[in-house]
Number of protein chains: 2
Amino acid sequence: MEQFSHSLDSIFQALADPTRRAVLERLGHGPASVGELAMPFDMALPSFMKHITMLESCGLIRTRKSGRVRHCAIDPQRLALVDGWLADQRTLWNGRTDRLERLLTQPKDKDPSA
Amino acid sequence: MEQFSHSLDSIFQALADPTRRAVLERLGHGPASVGELAMPFDMALPSFMKHITMLESCGLIRTRKSGRVRHCAIDPQRLALVDGWLADQRTLWNGRTDRLERLLTQPKDKDPSA
DNA sequence: GCGATACTAAGTGAAATAGCTAACTATAGC
DNA sequence: GCTATAGTTAGCTATTTCACTTAGTATCGC
């Protein structure tokens, strides 16, 4: 649990920027080169590259260079971490309101782990 | 869609810090005062207060002061925004994954994109 | 009223973030 | 080999973040 914390730091940090979220959304439709990804943004390429680097260093995307082109693709597993954290939180605060009901109706507690 | 983006910025930013995530987790078990929340952290109170302020300003928690004590409580609805964004993303790339699987299992649809 | 408690305000500083330009490397195409 | 393209490196700046200390305000309890 502790080792996730550090990852979550950088992942949430990465997600905190609209440019980077937009890149992820774009990559959700399929892989793309850095140049293609950069096009919609009114930003110098080196600036944009920092976002790509950041996304890769926290594991949200994977990239590989073929020739002079760097191809980027999303890494869904990484976002599962966020999903997991969020699910935990939801369980906590929903559990607080639902606990009584649950105890009365379902004595068994199920844990959907990854 | 645009107005969500700004909110997501500050929410993800807030979640990017382990102290703030820990506060949320603690608050998931129920409301608490600033002092109670601060106790586990080896941090000066003014520093800690900034985290509280940040969590409140992005809407993840609500606080009210009664007497000299400020009580904090979580605001689950706010995290639903994150949940929504994440769900959208999942839909995107799961859709893609499903499509790929379909291509692999059903050679009827010809699309040599790999 | 007076001291202790629970924050709050103000000011400092190191480090990270997010952008820029200019110059460079490596590949593709002719 | 020369030129254009795609990305990279280096170095600069402004802003934000995250912590600190010191001092102040506003209750609470006696």
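These numbers come from a predicted model, not from an experiment. Below, read A as the first sequence line, B as the second, and so on, with proteins coming before strands; counting in each chain starts at 1.
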Using whole Å, what does the distance between atom P of nucleotide D:dA6 and atom CE of A:Met39 come to?
8 Å
Would you mind telling me which of C:dC7, C:dA18, D:dA6 lies closest to the side-chain atoms of A:Asp17?
C:dA18
Sole residue of B:Leu37, B:Val34, B:Thr19 in side-chain contact (heavy atoms from CB on, under 4.5 Å) with B:His51
B:Thr19
State yes or no: do B:Leu24 and B:Phe48 share one hydrophobic cluster built from I, L, V, M, F, W and Y residues joined by side-chain heavy-atom distances below 4.5 Å, directly or via other members?
yes
From the list C:dG19, C:dC7, C:dT8, which nucleotide is the closest neighbour of the side chain of B:Pro46?
C:dT8
Output the single nucleotide from D:dA19, D:dG7, D:dT21 whose closest atom is nearest the side chain of A:Arg70.
D:dG7
What are the two closest heavy atoms between B:Ala32 and B:Leu27, and how far apart are they?
N-CD2, 3.8 Å
So, is B:Lys65 close to the C:dT8 phosphate, meaning a side-chain N or O under 4.0 Å from OP1 or OP2?
yes
Expressed in angstrom and rounded to an integer, what is the separation of A:Ile52 atom CD1 from C:dA18 atom C1'?
14 Å
Could you state the atom-to-atom distance from CE of B:Met49 to P of D:dA23 in whole Å?
21 Å
B:Arg68 side-chain proximity, nearest of D:dC20, D:dG7, C:dA4:
C:dA4
Can you measure B:Leu45 atom CG to D:dA19 atom C1' for me and round it to whole angstrom units?
13 Å
Interatomic distance, B:Met54 CE vs D:dA19 C1' [rounded to whole Å]:
13 Å
Nucleotide nearest B:Ala44 when distance is taken to its side chain, options C:dC7, C:dA18, D:dT21
D:dT21
Report the distance from atom CZ of A:Phe48 to atom C1' of C:dA18, rounded to the nearest whole Å.
14 Å
First of A:His51 and B:Gly35 reached from the 5' end of DNA chain C, by closest nucleotide:
B:Gly35
Hey, does the side chain of B:Ser47 come within less than 4.0 Å of D:dC18's phosphate (OP1/OP2), counting only N and O?
no
Between atom CG in B:Leu55 and atom C1' in D:dC18, what is the gap in whole Å?
14 Å
Between B:Ile52 and B:Thr63, which heavy-atom pair has the shortest distance, and what is it?
CG2-CG2, 4.4 Å
Exercise: identify the closest heavy-atom pair between B:Trp85 and A:Leu15:
CH2-CD2, 3.7 Å
Select one nucleotide: of C:dG11, D:dG7, D:dG11, the one nearest the side-chain heavy atoms of A:Lys50.
D:dG11
Write down the distance between CZ (A:Phe12) and C1' (D:dT17), rounded to a whole number of angstrom.
18 Å
